[in-house]
There are 2 protein chains.
Amino acid sequence: MTLWSRTRTAVYGEITRTAMELFLERGFEATTIDDIAAAAGISRRSFFRYFGTKEDVVLGDLVARGELIRDAFEARPESEDPWTALLGALHSVKDAADETDAEMLKVFKMVHQTPSLRARSIEKHLQWQALLTPEVRRRLGADPADPFDVRAEALVATVLTCLDVAGEAWARGDGAVPLEGLFDAAAAAVRG
Amino acid sequence: MTLWSRTRTAVYGEITRTAMELFLERGFEATTIDDIAAAAGISRRSFFRYFGTKEDVVLGDLVARGELIRDAFEARPESEDPWTALLGALHSVKDAADETDAEMLKVFKMVHQTPSLRARSIEKHLQWQALLTPEVRRRLGADPADPFDVRAEALVATVLTCLDVAGEAWARGDGAVPLEGLFDAAAAAVRG
DNA sequence: GCCGATCTGGCACTGAGTGTCAATCAGGCA
DNA sequence: TGCCTGATTGACACTCAGTGCCAGATCGGC
């Protein structure tokens with residue numbers, strides 16, 4: 001761990017904290033990157049060296065979370081059918097989340113109220129989908145060269161859609177009901 | 001039909017045709033709105049009087065198509081369960097599409113290759129979801145005041161996700177297999 | 001103490017999207 | 001026919017996100 005990478009991580013965290021504060025205070029769209037840079041004590045240009053877009057400040061770690069989900073999924077016993085294994089993997093990653101529900105709720109609401117954030121968030125889910133699909137294809141015994149075998153894609157996309165639906169309901173209902181339960185209910189409505 | 005609204009419709013169509021030509025020729029992102037305006041013989045400012053965003057030129061009529069789907073869905077016999085009725089509604093609207101497969105394929109490929117278009121397209125699907133959900137809730141007998149009954153949202157979102165998965169596979173495979181079949185296969189993988 | 005790699009700020013630029021204003025033009029009315 | 005109202009248009013200026021470029025500062029190894 002060199003000093004460069006240490007300061008880099010520190011600055012990264014500082015920008016995130018400062019920006020999230022501004023976002024929650026005056027809204028995502030009403031906060032410009034100049035605002036964030038000024039508040040974090042860096043130049044506008046440097047902001048873009050840490051984050052590709054303004055949305056990435058909010059959604060950046062979704063990529064890492066996707067990799068966690070994939071790992072959890074691959075660790076599932078081979079005896080489980082893919083659907084059950086996917087549900088299990090998502091549950092285990094939810095349990096390991098380090099944020100409090102209150103923080104998560106604020107972020108969820110912001111994402112679901114801001115079109116550009118919602119769009120990016122769905123884009124990240126598509127990346128999750130791409131991460132998870134190969135293992136599902138393997139478990140289903142699908143021909144890797146067949147572009148028309150859509151079973152794996154359909155299963156993965158559906159599970160992630162259920163997560164999205166559950167998240168939306170959770171945010172709309174102010175988190176009064178646990179997210180896991182909503183997710184299970186959504187999954188059951190599709191497969192039950 | 002006054003002359004104003006007639007010219008308005010004509011200009012709308014002219015912009016669409018001109019823009020799509022440019023998009024397919026040099027790509028969506030490489031075509032600026034200045035290019036479109038110049039080619040269509042209007043001012044940059046007027047372009048934004050007909051289309052809110054550049055993406056809307058490609059995806060604009062998805063809103064109208066969503067209303068068609070809703071109408072087709074509501075016309076389905078009460079005896080069908082929601083899932084079957086949703087599949088039927090989507091099929092009937094696909095059949096009524098007036099574009100050729102070749103044109104549709106080009107547009108599909110463009111949408112699936114361009115991040116901003118892909119994101120907007122999914123946003124439109126979310127609007128379809130909002131259009132279809134109330135009727136599904138009614139058919140399921142869900143309490144309209146219960147924000148935590150996610151069954152209807154889950155069903156609608158899943159069906160649309162299957163459509164999306166099918167569309168992606170269809171475009172990836174150059175339309176060599178009919179879209180309807182891919183859609184049915186995706187739906188069967190989830191529910192079968 | 002020197003050298004190369006990396007980080008940083010500043011500047012200029014493109015491109016999307018918005019607000020404003022004056023000019024234009026269709027349509028109704030006297 | 002001539003006028004008035006309201007919708008449309010083009011032009012200009014502006015904000016904001018995002019990118020390319022360059023010169024200077026800073027760190028790490030030799």
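Hydrogens, waters and symmetry mates are skipped; everything else that's a heavy atom, side chains included, is used. A, B, ... follow the sequence lines: proteins, then strands. Residue 1 opens every chain.
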**B/His91 vs B/Asp184 side-chain heavy atoms within contact, under 4.5 Å** = yes
**Prompt:** Do B/His112 and B/Arg118 touch side chain to side chain, with heavy atoms closer than 4.5 Å?
**Reply:** yes
**Item:** Note: A/Arg17-A/Glu21 ion pair, threshold 4.0 Å (strictly below)
**Value:** no
**Message:** So that I can tick it off, tell me whether B/Lys109 and B/Glu168 are bridged by a salt bridge, with the cut-off set at under 4.0 angstrom between side-chain N and carboxylate O.
**Reply:** no
When the distance from [atom1] of [X] to [atom2] of [N] is rounded to whole Å, what number comes out?
{"X": "B/Phe47", "N": "D/dA11", "atom1": "CZ", "atom2": "P", "result": "17 Å"}
{"X": "A/Ile15", "N": "C/dC7", "atom1": "CD1", "atom2": "P", "result": "13 Å"}
{"X": "B/Phe28", "N": "C/dG15", "atom1": "CZ", "atom2": "P", "result": "14 Å"}
{"X": "B/Asp56", "N": "C/dA16", "atom1": "CG", "atom2": "P", "result": "14 Å"}
{"X": "B/Phe48", "N": "D/dC16", "atom1": "CZ", "atom2": "C1'", "result": "13 Å"}

**Request:** Tell me yes or no: between the side chains of A/Asp81 and A/Thr84, is some donor less than 3.5 Å from an acceptor?
**Result:** yes
**Message:** Between the base of D/dG18 and the side chain of A/Arg45, is there a donor and acceptor pair under 3.5 angstrom?
**Reply:** no
**Prompt:** Would you say the side chain of A/Arg49 and the base of C/dG9 hold a donor-acceptor pair, judged only by whether the two atoms sit under 3.5 Å apart?
**Reply:** yes
**Request:** Take B/Arg44 and B/Val11, find for each the nucleotide of DNA chain D with the closest heavy atom, and name the residue whose nucleotide sits nearer the 5' end.
**Result:** B/Val11
**Message:** With a 4.0 Å limit, can you tell me whether B/Ser43 has a side-chain N or O closer than that to the phosphate oxygens OP1/OP2 of D/dT9?
**Reply:** no
**Message:** Using OP1 and OP2 only, check whether a side-chain N or O of A/Tyr50 sits under 4.0 Å from C/dC7.
**Reply:** no
**Request:** Would you check if the side chain of B/Ser92 reaches a backbone N or O of B/Ala89 as a donor-acceptor pair within less than 3.5 Å?
**Result:** yes
**Prompt:** Near DNA chain C, under 4.0 Å by heavy atom, which residues of residues 30-42 of chain B?
**Reply:** B/Thr31, B/Thr32, B/Ile33
